[in-house]
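Working notes, beginning with the structure itself.
Bear in mind the structure is a predicted one, so any value in this text is a computation, not a measurement. Numbers restart at 1 for each chain; the letters A, B, ... are given by sequence-line order, proteins then strands.
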2 protein chains.
Amino acid sequence: MPATIRDVARASGVHISTVSRTFSAPHLVNPDTRSRVLACAESLGYRPNRAARALITGRTHNMGLIVPDISNPFFPLLIKAAETQARQRDYHIFVTDTNEDPAVEEELVHALAKQVDGILLCSPRMSNSLIEQLSREVPLVVVNRQVAGLPSVVMDVGQGARLAIEHLVSLGHRDLALLSGPRGSWTSREIRRAATAAARAGGAELTVLGPNPPTERGGQTMAEQVRRAEVTAVLAYNDLMAIGLMEGLDSLGIAVPAEVSVVGIDDITLSRLTRPKLTTVANPTAAAGRAAVDMLLQQDGSWPGRVGRGATGTVPVDDRRTTAQVTLQTQLVIRDSTGPGPHGTADPGGAVAPFPEVVAS
Amino acid sequence: MPATIRDVARASGVHISTVSRTFSAPHLVNPDTRSRVLACAESLGYRPNRAARALITGRTHNMGLIVPDISNPFFPLLIKAAETQARQRDYHIFVTDTNEDPAVEEELVHALAKQVDGILLCSPRMSNSLIEQLSREVPLVVVNRQVAGLPSVVMDVGQGARLAIEHLVSLGHRDLALLSGPRGSWTSREIRRAATAAARAGGAELTVLGPNPPTERGGQTMAEQVRRAEVTAVLAYNDLMAIGLMEGLDSLGIAVPAEVSVVGIDDITLSRLTRPKLTTVANPTAAAGRAAVDMLLQQDGSWPGRVGRGATGTVPVDDRRTTAQVTLQTQLVIRDSTGPGPHGTADPGGAVAPFPEVVAS
DNA sequence: GTGAAAGCGCTAACAG
DNA sequence: CTGTTAGCGCTTTCAC
């Protein structure tokens with residue numbers, strides 16, 4: 001049987017409240033008593049029961065992380081970084097996978113609400129209004145999208161898309177295609193907006209093909225349409241689609257990058273391993289995971305929790321939470337899937353600096 | 001403020017214990033009362049607080065999943081499957097990454113022990129004795145290794161290695177190498193044992209090269225040694241290493257499979273995407289995740305928990321837990337990284353059946 | 001600096 | 001079938 005606070009109290013000859021203080025407010029207890037208690041606790045293998053503590057403090061020291069698909073290679077690094085960061089802050093993370101189903105996402109927020117101090121939500125599909133509503137039930141940090149009034153962490157995919165298009169234009173491409181992502185995805189919209197603008201600025205034509213599922217298969221099946229579009233370069237919503245597209249082009253006998261250049265977004269591990277190696281926009285997913293955790297913890301300070309005995313908890317009507325929106329820089333990684341286009345080429349150039357992390361607003 | 005059981009009781013004019021029963025033992029409450037309570041609960045948005053419930057029942061409805069490295073592509077599918085299965089059983093999973101550090105693993109078991117009903121432990125490095133000791137603190141299911149007396153889920157990598165070696169021998173290879181995995185890994189040991197036996201049975205020579213880190217880099221740096229060993233075929237501890245090896249051989253100007261055949265183990269998504277596509281032994285990782293969850297839940301039945309009011313909790317001295325060891329079948333997937341060897345070739349053959357799940361003992 | 005007492009939200013004997 | 005009562009393990013006023 002696991003030792004309880006009472007066992008420790010008995011063993012060290014003090015009242016349980018003293019033991020409690022020893023762990024939750026050590027400075028309030030006499031150093032001698034403290035060390036005695038600590039010694040007893042140690043020898044009994046005592047660890048405070050966080051669930052019991054949470055019941056009264058209102059802080060569980062847990063958080064939730066909801067992602068649409070763990071097996072999408074974009075996520076593991078984010079999860080890993082978030083988990084590591086959280087653990088350093090003495091938090092544990094419930095990781096949940098929703099299979100891209102918004103209904104499951106909503107249900108999960110409800111289900112987790114009571115057991116966590118907040119949730120990191122990667123939900124490209126859910127409506128803004130639903131997210132806002134859910135955020136009244138439990139602190140939320142949205143990842144990979146922005147929702148007015150809520151803290152969020154996004155990668156600057158707009159900038160990334162612009163870099164990619166500029167790269168292609170500078171290589172002499174004028175007929176470009178964009179394989180867009182899922183309908184309603186914030187990221188996809190941003191990419192499209194930025195890519196369109198960059199293409200116009202560069203005097204190039206951009207055909208948008210999609211929406212598409214954000215998978216390898218989603219890219220593969222688009223090869224035929226890419227051929228028909230008669231473009232010489234393609235930017236894909238993510239690496240998985242870009243890689244699928246390369247596969248598809250390959251079976252059509254179209255050479256990459258000789259006939260068509262391909263650029264992805266994300267820089268998943270896989271993108272270094274394909275032939276040709278994929279040129280892509282690197283997303284700082286690990287940094288995003290860390291940032292999301294820290295933003296949640298920061299927000300947590302201003303959340304009610306429980307307030308002593310009376311606990312006539314009124315939620316802060318005035319929504320004065322720190323509601324920062326973090327934007328992380330992306331970076332173009334030029335590999336082998338992009339080459340000169342029909343309209344002459346300039347030096348692609350572009351020294352690559354390490355990720356600066358930029359906070360906006 | 002989230003509604004509590006008391007709010008519901010007040011609203012529906014019954015005692016809180018009736019509300020409690022409505023949720024935890026519906027059959028004990030009058031259908032009319034029940035539906036009234038349910039209606040009130042619904043309209044108040046009431047959800048039972050699991051932490052509070054756990055305090056008294058001893059069941060948290062949470063479980064832990066400890067893996068060495070989430071970003072190793074072997075794990076995401078396992079995590080995803082485990083999470084999905086757990087959620088179907090109304091459980092949530094704490095996912096933790098230990099960065100391959102056994103000290104962290106041990107600490108995590110302690111830290112999670114109180115907040116979960118059990119832990120799925122993927123810890124190739126931890127000692128058996130430590131695992132046994134930890135299993136007295138919290139129910140454990142070990143994954144990818146076997147520990148006497150503990151429930152475990154393993155893939156039949158021995159069988160897999162045998163299939164791989166037989167495949168290579170049948171292709172006419174006689175000089176084989178095995179890139180072994182991390183020192184002390186149960187899986188690596190199994191593979192080595194089975195591969196050695198299969199090579200002997202096939203009249204082939206097997207050189208063991210390693211131990212190696214289970215990463216792409218681990219394989220890449222072995223290319224030189226593979227060349228020196230003058231073998232015509234290599235089996236790698238996992239796909240990541242196999243892929244790294246192919247990279248390494250490529251930079252050495254050694255053609256795969258023309259000069260050297262390469263076989264991996266795992267069948268991660270990536271292995272279909274390299275050139276040449278990797279021949280590999282498919283591991284049913286998703287099935288493993290599901291099986292592990294179910295075994296934990298099954299074991300949980302026989303674990304003490306809390307026992308009514310008195311709760312003079314004595315642990316079952318007699319260790320009569322169901323301690324099944326599940327072994328899941330593997331399957332050879334022949335792609336393009338293996339070809340004829342110098343000693344003539346037979347038809348590789350091998351119809352591929354869907355994974356049967358086999359329970360041993 | 002420490003003990004006493006109340007109670008977080010809930011469940012589980014036990015009466016009735 | 002439902003109400004009463006006694007806590008689960010812990011924190012937090014409030015006295016002393």
Side-chain angles (χ1 to χ4, degrees), chain A residues 1-37 41 44-61 113-115 117 304-313, chain B residues 1-37 41 44-61 113-115 117 304-313:
Chain A
M1 281 295 88
T4 83
I5 201 175
R6 238 172 297 263
D7 299 323
V8 179
R10 203 172 307 130
S12 44
V14 297
H15 195 264
I16 60 165
S17 47
T18 302
V19 178
S20 173
R21 279 185 208 106
T22 306
F23 286 93
S24 43
H27 59 280
L28 291 181
V29 50
N30 183 308
D32 293 357
T33 326
R34 191 196 311 160
S35 52
R36 188 154 38 90
V37 170
L44 291 175
Y46 169 76
R47 302 223 167 196
N49 181 326
R50 289 174 162 220
R53 179 181 284 180
L55 205 51
I56 193 159
T57 62
R59 288 281 174 283
T60 62
H61 269 239
K114 293 277 207 353
Q115 341 190 31
D117 295 342
R306 189 148 307 292
V307 225
R309 181 133 45 146
T312 23
Chain B
M1 281 297 88
T4 82
I5 201 174
R6 239 172 297 262
D7 300 321
V8 179
R10 203 172 307 131
S12 45
V14 296
H15 194 265
I16 61 163
S17 51
T18 303
V19 179
S20 173
R21 278 184 209 107
T22 306
F23 287 94
S24 44
H27 59 280
L28 291 180
V29 51
N30 182 307
D32 294 356
T33 326
R34 191 197 309 158
S35 52
R36 187 153 39 91
V37 170
L44 291 175
Y46 168 76
R47 301 225 169 196
N49 181 326
R50 289 174 165 220
R53 179 181 283 179
L55 205 51
I56 191 159
T57 61
R59 288 280 174 285
T60 62
H61 271 239
K114 293 277 207 350
Q115 340 190 32
D117 296 342
R306 187 146 309 292
V307 227
R309 183 131 46 144
T312 25

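Between atom CD of residue B:Q115 and atom NE2 of residue B:H61 there is a gap of 15.5 Å, rounded to the nearest 0.5 Å.
Of all heavy-atom pairs between A:I16 and A:A9, the closest is CG2-CB, 3.6 Å. Nearest heavy-atom pair, A:V29 versus A:R34, reported as atom, atom and distance to 0.1 Å: O-NH2, 3.3 Å. Nearest heavy atom pair, residue A:L55 against residue B:N49, reads CD1-ND2, 4.2 Å.
A:V14 is listed as a side-chain neighbour of A:R36, based on a closest heavy-atom distance under 4.5 Å. Contact of the B:I5 side chain with the B:P48 side chain is not registered, since no non-hydrogen atoms from C-beta on lie closer than 4.5 Å.
With hydrogens and angles ignored, no donor-acceptor pair under 3.5 angstrom links the side chain of A:R50 to the base of D:dG9.
Side-chain proximity of A:N49 to C:dA5, D:dC10, D:dT2: nearest is D:dC10.
Remark: A:V14, A:H15 in residues 8-16 of chain A come within less than 4.0 Å of DNA chain C through at least one heavy atom.
Taking atom CG of residue A:D7 and atom C1' of nucleotide D:dG9, one finds them 11 Å apart after rounding to whole Å. A straight line from CG of B:L55 to C1' of D:dA6 spans 14 Å, rounded to a whole angstrom. Put simply, CZ on A:R36 is 8 Å from P on C:dT2, counting in whole angstrom units. Atom pair A:I56:CD1 and C:dA6:P shows a separation of 14 Å (rounding to whole Å applied). Atom CZ in B:R53 sits roughly 15 Å away from atom P in C:dG9 (whole-Å rounding).
The side chain of A:T33 contributes no N or O atom lying less than 4.0 Å from OP1 or OP2 of C:dG1. A close approach under 4.0 Å does not occur between any side-chain nitrogen or oxygen of A:T57 and OP1 or OP2 of C:dC8.
Of the two residues near DNA chain C, B:A52 and B:S17, the one whose nearest nucleotide lies more 5' is B:A52.
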